[in-house]
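Here is the structure we will look at.
Owing to the predicted nature of the structure, the values given are computational and were not obtained by experimental measurement. Numbers restart at 1 for each chain; the letters A, B, ... are given by sequence-line order, proteins then strands.
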There are 2 protein chains.
Amino acid sequence: MAKKDKPARKRPTESVTDALRVPPGAHVSLTTYPADATPVGPGEKAAGVAATALLGEPLADLQERLYAASTAGDSCRLLLVLQGMDTSGKGGTVKHVIGQFNPSGCRIRAFKAPTEEERAHSFLWRITKALPEAGEIGIFDRSHYEDVLIGRVRELAPPEEIERRYDQINTFERSLAESGVTIVKVFLHISYEQQKRRLLERLDNPRKYWKFNPGDIDERALWPAYQQAYEIALRRCSSEAAPWFVVPADRKWYRNWAVSNLLLEHLSALDPQYPKADFDVEECRKRLLELG
Amino acid sequence: MAKKDKPARKRPTESVTDALRVPPGAHVSLTTYPADATPVGPGEKAAGVAATALLGEPLADLQERLYAASTAGDSCRLLLVLQGMDTSGKGGTVKHVIGQFNPSGCRIRAFKAPTEEERAHSFLWRITKALPEAGEIGIFDRSHYEDVLIGRVRELAPPEEIERRYDQINTFERSLAESGVTIVKVFLHISYEQQKRRLLERLDNPRKYWKFNPGDIDERALWPAYQQAYEIALRRCSSEAAPWFVVPADRKWYRNWAVSNLLLEHLSALDPQYPKADFDVEECRKRLLELG
């Protein structure tokens, strides 16, 4: 798993997908997994930033091909699910990684505490409404996993219902995969210390007050319970159809590099193709020229 | 929203807003308005590209302030309406201009031919559902104006209904403005010759086939009728509350420069502010430090 000295490109070896994926059923011990690790790819910032910058063009190119393919009936789409504790960088990932794409092909949804209407439905109801359409890249900033994370920690539902949700999620995600959705679930793993630094930053900078909520401290006080809830979700819901990836996120540049590469590898595997013309190119050219 | 005499920001020269705005009731003769003009700002490409690149940071900064202000209850939002003939660069504007923003604060909607459900409602129904929320930047790639453009040219509704729509649009847009929406309506003005070049490019490049539709040629054959329909819409629907801007769009770099500046000037005029803390900063810092 350690690839610290490897040059960023011409990597003949392990993919980021392989290196960061949680194998189905595997237990990830978050307390022993360093959040500032660089388990694959560049080990220091300058190389990481440079390597990430080089991904912008191929990512945008793949996205255009994905979208173009959908115009000819290809149902493929990609869904990036971002989860992580407060300040883990979900918003920063959208800004820096998703910012590399053409915004018109992105469908971004941030999930907050459910509204009354949403609570009146199954926890997957609001998720279903926010899914990407064919050719799009969907991004969930938080997701249905909140219902087995804060839902579990805060006991927002009876234990037996929380239990049922893991299977419901797996069934749901498998059906998505079967309908053409490539699901990339990313847990942005930060350390307790890093969260403290980032929360204090928000209190030290009036331009960041709006990102802060006193309730964030109450959640932080429940850190061990949240880490455990994440471990359970990672173990029970990392499936072949929809694997989880643990991205060490104490270093923002590494987080951006890793998520960019995960997207690149998954889009490359889809290998979307520009569709052939479904019209007579020569005849259209002729008509155009005749029209003057 | 008209701040005609108020210099936006120590800019010694004319604002782009003033230079490109269609005064309410004014007639714009598109046939005599050169689509490759550079009526304000840089006159050649290198300077234009460089000037546009410098706008990315202030645009992203203003967007963050707009969003931050909304978290404290500010209802302000911005809606960019993009209209123009096929190949005029609506998609390119989204990619290059809107691509400068944080995608999480953008709500983009491309309007195609209305679905059966949409046709069962008023033409403004689907528009209302796609509006930006407080703090967001909304982008319409085509809009309710299609209903007085293709609607008029193709006689998709009785003439008296088309007539009524201009007033309905003005009433609708005024109510949006009153509810905190800054509306920036941009007509991307290209020449007949430039459209021919761009359509031929799509036929010459298999990676662009998916952007081409033989129906585009049929629409092109109706060019004069469309130009007239645009002239009418510009004259009747450029209001104080929601002015139209004519952006010469034969030169893509100029189009990007002009739309970027229109957004910058309108966001600067809103001058959104980071909200003050609605919590006790010192107490929160203390609690955080105590928590360890």
Side-chain angles (χ1 to χ4, degrees), chain A residues 60 64-65 67-72 90-91 94-96 98-110 139 141 192 196 199-200 202-214 216-218 220-221 223 274-285 287-292, chain B residues 60 64-65 67-72 90-91 94-96 98-110 139 141 192 196 199-200 202-218 220-221 223 274-285 287-289 291-292:
Chain A
E64 184 174 279
R65 283 163 49 191
Y67 187 83
S70 78
T71 64
K90 301 181 288 296
V94 173
K95 184 173 173 178
H96 296 287
I98 303 306
Q100 301 175 99
F101 290 115
N102 182 336
S104 69
C106 298
R107 188 176 294 252
I108 305 171
R109 174 73 194 271
I139 300 96
D141 174 343
Y192 190 67
K196 183 182 184 177
L199 286 173
L200 285 174
R202 292 181 180 181
L203 291 174
D204 289 340
N205 183 350
R207 293 170 66 110
K208 293 188 174 180
Y209 286 165
W210 65 278
K211 295 185 178 186
F212 187 88
N213 188 311
D216 298 346
I217 305 176
D218 304 322
R220 176 171 170 79
W223 184 275
Y274 286 105
K276 291 193 172 57
D278 61 354
F279 51 85
D280 186 328
V281 176
E282 271 321 304
E283 194 219 324
C284 284
R285 189 180 285 120
R287 276 180 65 206
L288 250 177
L289 294 171
E290 280 170 5
L291 200 58
Chain B
E64 183 174 280
R65 283 163 51 192
Y67 186 82
S70 77
T71 65
K90 300 179 290 294
V94 173
K95 182 173 174 179
H96 295 287
I98 303 306
Q100 302 175 97
F101 290 116
N102 182 336
S104 70
C106 298
R107 188 175 294 252
I108 304 171
R109 174 73 194 272
I139 300 98
D141 175 343
Y192 189 66
K196 183 182 182 177
L199 286 174
L200 285 173
R202 293 181 179 181
L203 291 175
D204 289 341
N205 184 349
R207 293 168 68 108
K208 293 190 174 177
Y209 286 166
W210 65 279
K211 295 185 178 186
F212 187 88
N213 189 310
D216 298 347
I217 306 176
D218 304 323
R220 175 171 171 78
W223 184 274
Y274 286 104
K276 292 193 170 59
D278 60 354
F279 50 86
D280 186 328
V281 176
E282 270 321 303
E283 193 219 327
C284 285
R285 188 181 285 118
R287 277 181 64 207
L288 251 176
L289 294 171
L291 200 58

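Panel note: side chain Arg207(B), backbone Tyr274(A); no donor-acceptor pair is recorded below 3.5 Å.
Looking at Ala110(B), neither its backbone nor its side chain comes within 4.5 Å of chain A, counting heavy atoms on both sides. Of the two parts of Thr71(B), only the side chain, counted from C-beta on, holds a non-hydrogen atom closer than 4.5 Å to a non-hydrogen atom of chain A. Interface residue Asp218(B): backbone and side-chain heavy atoms are both found under 4.5 Å from chain A. Interface remark: Pro206(B) contributes backbone atoms only to the contact with chain A (heavy atom separation under 4.5 Å). Looking at Ala72(B), neither its backbone nor its side chain comes within 4.5 Å of chain A, counting heavy atoms on both sides.
Side-chain atoms of Val281(A) and Asp204(B), non-hydrogen and from C-beta on, never get closer than 4.5 Å to each other. A 4.5 Å side-chain heavy-atom check between Leu291(B) and Lys196(A) finds every atom pair outside the cut-off.
Chain B forms more heavy-atom pairs under 4.5 Å with one residue of Gly91(A), Ala60(A), Pro214(A) than with any other, namely Pro214(A). Counting heavy-atom pairs closer than 4.5 Å to chain B, the top-ranked of the candidates Gly292(A), Gly99(A), Gly105(A) is Gly292(A). Comparing Tyr192(B), Phe101(B), Trp223(B) by how many heavy-atom pairs each has under 4.5 Å with chain A, the most go to Tyr192(B).
Every side chain to side chain contact (heavy atoms under 4.5 Å, CB included) that Asn213(B) has, sequence neighbours left out, goes to Asp216(B). Here Arg107(B) pairs with Glu133(B), Glu136(B) under the salt bridge (Lys or Arg N to Asp or Glu O under 4.0 Å) rule; sequence neighbours left out.
Within a 6.0 Å radius of CZ in Phe212(A), other residues, nucleotides and ligands contribute more than 12 heavy atoms.
The CZ atom of Arg220(A) lies 6.0 Å from the CG atom of Leu288(B); values are rounded to the nearest 0.5 Å. Distance check: Arg285(B) CZ to Leu203(A) CG gives 6.0 Å after rounding to the nearest 0.5 Å. Taking SG of Cys284(B) as the reference point, atom CD1 of Ile217(A) lies at 4.0 Å (rounded to 0.5 Å). In this structure, the separation between CG on Asn102(B) and NE2 on His96(A) is 8.0 Å, given to the nearest 0.5 Å.
Smallest separation of non-hydrogen atoms from Trp210(A) and Glu64(B): CZ2-CG, 3.8 Å. Among all heavy-atom pairs drawn from Val94(B) and Pro103(A), the shortest one is O-CG, 3.6 Å.
Using cut-offs of 30° and 60° for the angle between ring planes, the Phe279(B) and Tyr209(A) rings count as perpendicular.
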